[in-house]
Amino acid sequence: MTRRWWPPRADRSTRDWRSILDLLLTAGAIAAVIGAAYNFVVLPLAGTFSGPFEDFGAYSIAAHAVATGTSPYASFGGATIVMTGFDYPPFAAVVLRPLAFLSARWQELTWLWIALGALVAGAVITARALLPASWPRARIGIFVALTFPPATYNLWHGQMNTVIFLFLALALSDYLSGHRTRCGVILGIAAGIKIAPVVLLLVLVRRGWWRAALAGLAAGAATVAIGIGALGWSVTHQYLTSVLPVLNRDNGWIYNQTWNGVVSRLFQHSVLTVDAPSVWLHGAATALSLLTVGALLLAVSGGERTRAERGAEFACGLTVMLLIGSIAWYPVYVHLLIAIAAAIGLAHERGRLGRGLVAWSAAALVGVGAVGGVAIAALSVAGIGSVSTSPAWWLFLQACSLPALLATALLVALVRALRSHRAVGVVTVAALAQ
């Protein structure tokens, strides 16, 4: 018997519409899988893959550097606003080391398929963890993952964001299931590869999961120790003194969707070239970041909450993670899929009270995905350079902040939903006590 994803009691017209939606979703998921298989499996095997895959070059160089006992940061350069070379922590270079055993062609194929598998697996785990059980969650996850431009960008360009996305999806699943220590360990390992997930340890602390937070810190410290043990202290020192300061400077490049990027573009600072540091602009971005962290602390609670509410807590932490760093390029917003799913799950639980969450989720999905994807596809470095001389340059820069602003709006909606429900609960309990 075919499993339906609508309530059993519904009028005939409602059942007909949902049957149509179910059919369209199934067709869309199948089409997305066929398209992904053709673009990311068939064409690469045939040697006609059309993706530039340029970002993978830094990973390959890092893998060979570890294999030959040299520094993975030898080719790192911070002269341009987008930087060049490998810029991840030393542990990430150690993780990439097995790629050096493969030929150049099989390195690329292996990495592409790892990224593809991580994306699909992370999306399905996220959908199953956050969306209502009566919905066709696997199909939704597969369809959205393979059509959301920030997600597929990583496949075309060879970036590792989908691997981190899988780690975060696994941590989310453990957070909802109550596997505290494992959740912390996964987040610590993810932070060892890419520092940003360390922010999510704040969610564990605010939740009162001290053992989980300590496990995360221990796992993160272990990744640092592994990096030092495998590559030597000199490489870690090079990362801390030569790479990390460059990553933490102001960056207004149009792909940067953090508060740092938004503020820098607002004042046309460090957009096309690296400008001299601005203390007050950096301070403004830092202040916004601190306010965002404050919103996270307000949203997360150590008290009893439903599964959907705890999913929203994790989503708040993830969205804060995207906004408060110095750099979060557009493809990093693949992680926003978790926040969107959490908002939809919470909206389903709240009924009519969740309409705002649905609206902002749809806005983020369309604005960050469709609009942002079309804009990214249409823009080139030369095209951006030509726009910079036009009177509309400032307005263009502000439009480039749309993903970060939509993520902020979704965060505000999630925080308000969590806080308002808590306030209602407190009032109800007080009334019952009387």
Side-chain angles (χ1 to χ4, degrees), residues 89 91-92 95 118 121-131 161 163-227 289-290 292-325 332 334-339 341-343 345-346 349 411 414-415 417-419 421-422 425:
F91 177 71
V95 172
V124 171
I125 292 171
T126 296
R128 291 182 62 83
L130 295 172
L131 298 181
N161 294 307
V163 176
I164 303 300
F165 175 62
L166 175 57
F167 274 105
L168 297 181
L170 291 170
L172 164 69
S173 180
D174 283 341
Y175 184 76
L176 297 179
S177 302
H179 297 299
R180 304 184 180 192
T181 301
R182 190 168 65 190
C183 175
V185 169
I186 292 173
L187 290 175
I189 294 173
I193 298 174
K194 198 169 186 178
I195 297 174
V198 73
V199 174
L200 287 162
L201 294 181
L202 289 176
V203 176
L204 306 184
V205 171
R206 185 71 176 104
R207 186 78 184 152
W209 290 8
W210 292 101
R211 183 180 298 177
L214 290 174
L217 291 174
T223 65
V224 175
I226 291 172
S289 296
L290 291 174
T292 309
V293 172
L296 171 62
L297 298 179
L298 288 174
V300 182
S301 170
E304 289 294 326
R305 279 186 161 172
T306 66
R307 182 181 178 90
E309 288 170 341
R310 285 185 285 122
E313 289 179 342
F314 193 93
C316 287
L318 187 145
T319 309
V320 170
M321 178 194 80
L322 294 175
L323 291 168
I324 68 171
V332 177
V334 59
H335 305 319
L336 197 65
L337 287 177
I338 295 177
L346 184 58
E349 181 179 87
L411 173 63
L414 285 167
V415 173
L418 290 171
R419 293 292 297 175
H421 189 262
R422 182 182 179 185

Quiz prompt | Arg182: partners by side-chain hydrogen bond (donor to acceptor under 3.5 Å, both in side chains), with sequence neighbours left out | solution = Asp174

Quiz item: Going from CZ on Phe91 to CD1 on Ile195, what distance comes out if it is rounded to the nearest 0.5 angstrom?
Solution: 13.0 Å

Quiz prompt | Spacing of CG belonging to Leu130 relative to OG1 belonging to Thr126, to within rounding of 0.5 Å | solution = 6.5 Å

Exercise. To the nearest 0.5 angstrom, please state how far the OG1 atom of Thr319 sits from the CD1 atom of Ile338.
Key: 9.5 Å

Quiz item: For the residue pair Ala339 and Ala315, what are the closest heavy atoms and their distance?
Solution: CA-CB, 3.6 Å

Self-check item: Shortest non-hydrogen contact from Ala171 toward Cys183
Solution: O-SG, 3.4 Å

Exercise. Give every residue pair that meets the side chain to side chain donor-acceptor pair (under 3.5 Å) criterion with at least one member in residues 210-223, sequence neighbours excluded.
Key: none

Exercise. In sequence, state the C-alpha distance, the side-chain angles, and the governing distance for Ser301 and Glu313, and then conclude on side chain to side chain donor-acceptor pair (under 3.5 Å).
Key: CA-CA 8 Å; Ser301 170; Glu313 289 179 342; 5.3 Å; no

Self-check item: Intermediate values then yes/no, side-chain contact (heavy atoms from CB on, under 4.5 Å), Glu349 and Arg307
Solution: CA-CA 10 Å; Glu349 181 179 87; Arg307 182 181 178 90; 6.0 Å; no

Practice problem: List in chain and number order the residues that pass ring pair (Phe, Tyr, Trp, His ring centres under 6.0 Å) with Tyr175, two or more places apart in sequence or in another chain; answer none if no residue qualifies. | Solution: Trp209, Phe314

Quiz prompt | Check: Arg419 side chain, Leu298 main-chain N or O, donor-acceptor pair, under 3.5 Å | solution = yes

Exercise. For Ala92 and Ile193, work out which heavy atoms get closest and say how close.
Key: CB-O, 3.7 Å

Self-check item: Main-chain N/O of Arg310 paired to Arg305 side chain as donor or acceptor, under 3.5 Å
Solution: no

Quiz item: Run the side-chain contact (heavy atoms from CB on, under 4.5 Å) check on Met321 and Leu168 step by step: do they pass?
Solution: CA-CA 11 Å; Met321 178 194 80; Leu168 297 181; 4.1 Å; yes

Exercise. Evaluate the criterion side-chain contact (heavy atoms from CB on, under 4.5 Å) for residue pair Phe167 and Ile189; output intermediate values, then yes/no.
Key: CA-CA 8 Å; Phe167 274 105; Ile189 294 173; 3.9 Å; yes

Quiz item: Nearest heavy-atom pair of Ala342 and Gly311: which atoms, and what distance?
Solution: CB-O, 3.5 Å

Practice problem: Look up atom CG in Leu202 and atom CZ in Arg207, then write down how far apart they are to the nearest 0.5 Å. | Solution: 15.0 Å

Quiz prompt | Derivation and outcome, side-chain contact (heavy atoms from CB on, under 4.5 Å), residues Val415 and Cys316 | solution = CA-CA 7 Å; Val415 173; Cys316 287; 4.0 Å; yes

Quiz item: Name the one of Val198, Leu217, Leu172, Leu204 that satisfies side chain to side chain contact (heavy atoms under 4.5 Å, CB included) with Leu187?
Solution: Leu204

Practice problem: Taking all non-hydrogen atoms of both residues into account, name the closest pair between Leu201 and Gly216 and its distance. | Solution: CD2-CA, 4.0 Å

Quiz prompt | Rounded distance (nearest 0.5 Å) linking atom OG1 of Thr181 with atom CD1 of Ile186 | solution = 11.0 Å

Quiz item: Tell me, do Leu296 and Arg206 make a side-chain contact under 4.5 Å, heavy atoms counted?
Solution: no

Quiz item: If you take all heavy atoms of Pro89 and Gly192, which pair is closest and at what distance?
Solution: CB-O, 3.4 Å

